[in-house]
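Report on the structure given below.
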Amino acid sequence: MTLLAIDCAASLCAACVYDQTTGKKLGREVRDLGKGHAEHLMDVIATALAAAGKAYADLDRIGVSVGPGSFTGVRVGVSTARGLALALKIQAIGVTTLEAIAAEGFARASDVAPENVLAAIDGGRDGIYIGVYDRFGSVRYDPAIATLEEAARLASREGLALAGSAAGKIAALAGGDVRMTGFEGATADIAVYARLAAGKEIPDEKPKPLYLRAPDAKPQAGFVLPRRPS
């Protein structure tokens, strides 16, 4: 069983071909683009497939990061995964950025043995994207947007360790009682996405972007028209 994992949720444009039976990486390609995922993703996938000695017809499943993260990058990754799955008549499975970061946090936490990992991504003006997971991947705190202060209070709970791009600033505010996993990336390694996708059950729904904030465009209250009587 051969799986293709792709991730465009942050600055990286990444693909990994993974053997679900042996748990081994067969080929990978990772490019730090910042922007331009749409222009590079298919070539990144082709390079990973070539490194693995595989063709599209050899794929049995596709895993994709669904965010939170870059709105454009997430849309590119999810739409590509769904399009390939439809064309190849195989299943596509979504993996959230937060659960992947938590999984890498557990793998990197050599000096601590946390019960749970608080995955935290710096969302800029949106705040902090957070989620808490145990070492088996179960959700302990649903993905949400938090202020830095809220994230710091949550991080102070016993048994938690921090991972993700916002870990440093949360720890600085929370003080010395906070534990760190040592991983502070905005997304996990592409092989982590492959492993997580390989271990998931086939979902009833197709993967879709995980958006934690409302759209920027909202109707102004002063321009809302009253309903006409029916």
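The chain is numbered in sequence order, starting from 1.
Under a hydrophobic clustering in which Ile, Leu, Val, Met, Phe, Trp and Tyr are joined whenever their side-chain heavy atoms come within less than 4.5 Å, directly or via other members, I93 and L88 fall into different clusters. Cluster annotation: L26 is not connected to V30 through the hydrophobic network of ILVMFWY side chains, with a link wherever side-chain heavy atoms come within less than 4.5 Å. Hydrophobic clustering (side-chain heavy atoms under 4.5 Å, transitive across Ile, Leu, Val, Met, Phe, Trp, Tyr) keeps V139 apart from V95.
Heavy atoms only, all atoms of each residue included: R140 and D134 are closest at NH2-OD2, 2.8 Å. Minimum heavy-atom separation, A198 to Y18: CB-CE2, 3.8 Å. Shown here for T181 and A161, the closest heavy-atom pair between the two residues is CG2-CB, 3.6 Å. The two residues S11 and D32 have their closest heavy-atom pair at OG-OD1, 3.0 Å. Smallest separation of non-hydrogen atoms from M180 and A171: SD-CB, 3.7 Å. When every heavy atom of A92 is checked against every heavy atom of A85, the shortest pair comes out as CB-CB, 3.8 Å.
You'll find the side chain of I45 reaches within 4.5 Å of the side chain of Y56, heavy atoms only. Between R61 and Q20, some side-chain heavy-atom pair lies under the 4.5 Å cut-off. For the pair P114 and F106, the minimum side-chain heavy-atom distance is below 4.5 Å. Looking at heavy atoms from C-beta onward, V178 lies in side-chain contact with S156 at the 4.5 angstrom threshold. Within the 4.5 Å cutoff, the side chain of L98 has heavy atoms near those of the I121 side chain. Side-chain contact check for L59 versus L49: some heavy-atom pair is nearer than 4.5 Å.
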Let me check something: any side-chain donor-acceptor pairs from residues 68-78 under 3.5 Å, sequence neighbours excluded? List them with distances.
residue : atom : partner : partner atom : Å
S70     : OG   : G73     : N            : 3.0

For residues 143-153, dump all side-chain donor-acceptor pairs below 3.5 Å to protein atoms at least two apart in sequence or in another chain.
residue : atom : partner : partner atom : Å
T147    : OG1  : E150    : N            : 3.0
T147    : OG1  : E150    : OE1          : 3.4
E150    : OE1  : T147    : N            : 2.9

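To the nearest 0.5 angstrom, L12 atom CG is 13.5 Å from I6 atom CD1. Residue I128 holds its CD1 atom at 12.0 Å from CG of L212, rounded to the nearest 0.5 Å. Separating the CG atom in L4 from the CG atom in D58 is a distance of 11.5 Å, to the nearest 0.5 Å.
Using modelled atom types, no side-chain atom of R82 and backbone atom of K206 make a donor-acceptor pair closer than 3.5 Å. Remark: the backbone N or O of A10 is paired with a side-chain donor or acceptor of H37 at under 3.5 angstrom. In terms of modelled atom types and a separation under 3.5 Å, the side chain of D43 and the main chain of H40 share no donor-acceptor contact. Checked by atom type and distance alone, the side chain of D19 never pairs as donor or acceptor with a backbone atom of G23 at under 3.5 Å.
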Show your reasoning for whether side-chain contact (heavy atoms from CB on, under 4.5 Å) applies to V132 and V117. CA-CA 6 Å; V132 177; V117 165; over 6 Å; no
Evaluation steps, side-chain contact (heavy atoms from CB on, under 4.5 Å), between Y133 and T96: CA-CA 12 Å; Y133 300 83; T96 71; 3.6 Å; yes
Report the C-alpha separation of I130 and L118 in whole Å, then their side-chain angles, then the decisive distance to 0.1 Å, and conclude whether the side-chain contact (heavy atoms from CB on, under 4.5 Å) test is met. CA-CA 7 Å; I130 62 170; L118 169 57; 3.9 Å; yes
Go through Y193 and T187 one step at a time and tell me if the side chain to side chain donor-acceptor pair (under 3.5 Å) criterion holds. CA-CA 10 Å; Y193 286 99; T187 188; 2.7 Å; yes
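Shown here are the side-chain hydrogen bond (donor to acceptor under 3.5 Å, both in side chains) partners of D142, two or more places apart in sequence or in another chain: there are none. Every residue meeting the side-chain hydrogen bond (donor to acceptor under 3.5 Å, both in side chains) condition with K169, not counting sequence neighbours, appears here in chain and number order: D122.
Residue pairs meeting the salt bridge (charged side-chain N to carboxylate O under 4.0 Å, His left out) criterion with at least one member in residues 98-109, sequence neighbours excluded: E99-K200, E104-R108. Pairs of residues two or more places apart, or lying in two chains, that qualify as salt bridge (charged side-chain N to carboxylate O under 4.0 Å, His left out) and include a residue from residues 20-30 are R28-D189, E29-R31.
Of the options I190, V66, L41, V64, a side-chain contact (heavy atoms from CB on, under 4.5 Å) to D7 is made by I190 and by none of the others.
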